[in-house]
Structure formats: C-alpha cells, structure tokens
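Worksheet for the structure shown next.
Counting convention: from 1, in listed order, for ligands and their atoms alike. Not measured: the values here are computed from a predicted model. Hydrogens, waters and symmetry mates are skipped; everything else that's a heavy atom, side chains included, is used.
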Amino acid sequence: MNSALESPILFGLISSFGIAIRYFIIAGAAYFVFWVQGKRRFQARKIQPGKMPRPGVMRREILWSVLSSFVFGFSGIWAFRNWMKLASGWSVGFSMSGFVMGVATFCLLAFLHDTYFYWMHRLVHHPKLFRLVHRVHHESVTPSPWAAFSFHPLEAILEALILPVLLLFIPVTPIVLVCFLVWMTILGVVNHLGYDPYFRGFDEHSVFKWMISARNHDHHHVHPDRNFGLYFTFWDHWMGTQWKRTDLNRLNRAKSDSQISASGEFARTQESLLQN
Ligand SMILES: [Zn+2]
Ligand SMILES: [Zn+2]
C-alpha cells in the first residue's frame, strides 16, 4: 500500500477499480433482484408502471458510470493520500466515545455532502449548464440501478470535489469512511432502482419523509424542477422544491411524457429539458 501511496497514478488506478467494482456489485445485485429475478414479484412496486428504459440507455448508463468511477478515483488524490497517512496512525479499537464520534462524523459528513449536492444540482439545472453538464444523467427518464453514477465527466468532477475537501476538516476514521462510501453507493442505486423497496407511506412518515426515497428521486427524473436532494429532503422542504402528492397524482394521470410536456404545469419536464 505504501508504494501505491507514493505513486499518484497507481493510487488513482487502484481507487478507480475499487469504485467500479463496488458499483458493479451493488448495482448488479439490485438489478438482478428487482429487474431480473423479481420482475414479476415486484411488479406492483414499479415506480413508473409499464415503462422501461429506452433501448441502449442502460448500456450508456454503465459506460458513463465506469467513466465516473475513474473521475472519482483520481479526484482528490492529494487529499486522500494525506488522509490515509493520517488515518494509518489512528486506533482501530472499539470504545463508546469512538462509536459516538463515528456516528457524529458520519451524520455531519452526510449532511454537508447533501447540502453541497443540493446546491450543485440546482446549479447544473440552470439552462446554460444543463445541456453540457447534467443532460447525460437525465437521459435516464426511467432510471435503472445502473444510472447510479451515470454522469458526464464534468458533473462527475463537480460531484467528486466535495468529499476530499470535507476529509481535510472532519476527523473521519477509516471505518466511518468505508461505511459512508458503501452507504453512498447503496443510496445512489436505490434512488435509481425504478422500484420502491420501502414500506407504504415511507414518504409521508414523520421521520422517514426527511430521507430521499426511491420514488422521490425517480420523480426528479420525470419532473426535474422538484427533488434535488441526495440523501435528505431538508433542503427541498426548506427551499420549496419538495414534491407534493398533488404533483404525483397529476403525473400519474398523464398518459405519456409528451402529454406531460404539453401540459403548462409541467413545462420544464424531462422531455422539454432534453430538447433544449
Ligand atoms: Zn438521478
Ligand atoms: Zn437533475
């Protein structure tokens, strides 16, 4: 590992392959369970009933995601190498104070990452940036688990910038970082699952409504001026961009994307953005 730390290229390559393997394991497992094995069993949980990704979209989702893995792997090499040198000296033993500190740093990391993502996400929806930076991600109108990292490299760079910076200021231990990276990937996959894996009423529950659900982010892919969060709905609630039940009811009544686009209420939907 020391030789990898000395060589930025080797370090970046090992990180990139690790991220890509993590993506294939988690997205692949979700795809197999919901889209292959459980296609019939979970039919009632399909978020966009009767709709499937357009031909070739899943293949493109995988290609963009692999490219993003390399952007993530090479991002912040300097910060990660410094962090790893620092972390190698930390105790790995269990203590109650260490556990509480671990949970606190995890929550802080998640909230700050979500805050950065929310505002960055709103920025890349600006008409001047959308086509160049964020359009690739919204090519998935009916997302599949493979869309978890499906970003244009410019967006992948924007997404990757924040974690190395946070690691410079928050004392994150290796176990907390590993848990965070795995959780991040699992939520990225769940947000694009296409099926609702949670219990009925999750989005209205007094506690869970503050978490991003599979329905919540899927809705963003159809109705892109709502639901910009990554893990939580705090910012969407505070800034008035959170979806409402009435949005969903109207959306479900629409027979197709073109009908949705034709409706004045949904003027900035997926189709209209892609046609910009
Ligand atoms: Zn998405
Ligand atoms: Zn978006």
Below 30° counts as parallel, above 60° as perpendicular, anything between as tilted: where do the rings of Trp243 and His219 land? tilted
Using 30° and 60° as the class boundaries, would you call the ring planes of Phe106 and Phe180 parallel, tilted or perpendicular? perpendicular
Please work out the angle at the Zn ion (ligand 1) defined by atom NE2 of His192 on one side and atom NE2 of His217 on the other, rounded to 10°. 100°
Tell me whether the guanidinium CZ or amine NZ of Arg122 lies under 6.0 angstrom from the six-membered ring centre of Phe228 and within 45° of its axis. yes
Atoms of protein origin (N, O or S) under 2.8 Å from the Zn ion (ligand 2): His121 NE2, His125 NE2, His134 NE2, His138 NE2, His220 NE2
If you look only at pairs with a residue in residues 150-165, which of them pass as a side chain to side chain donor-acceptor pair (under 3.5 Å), with sequence neighbours excluded? His134-Glu155
Check for a donor-acceptor pair, side chain of Lys46 on one end and backbone N or O of Lys51 on the other, with a separation under 3.5 Å. yes
Between Phe208 and Phe199, what is the ring plane arrangement, given parallel below 30°, perpendicular above 60°, and tilted in between? perpendicular
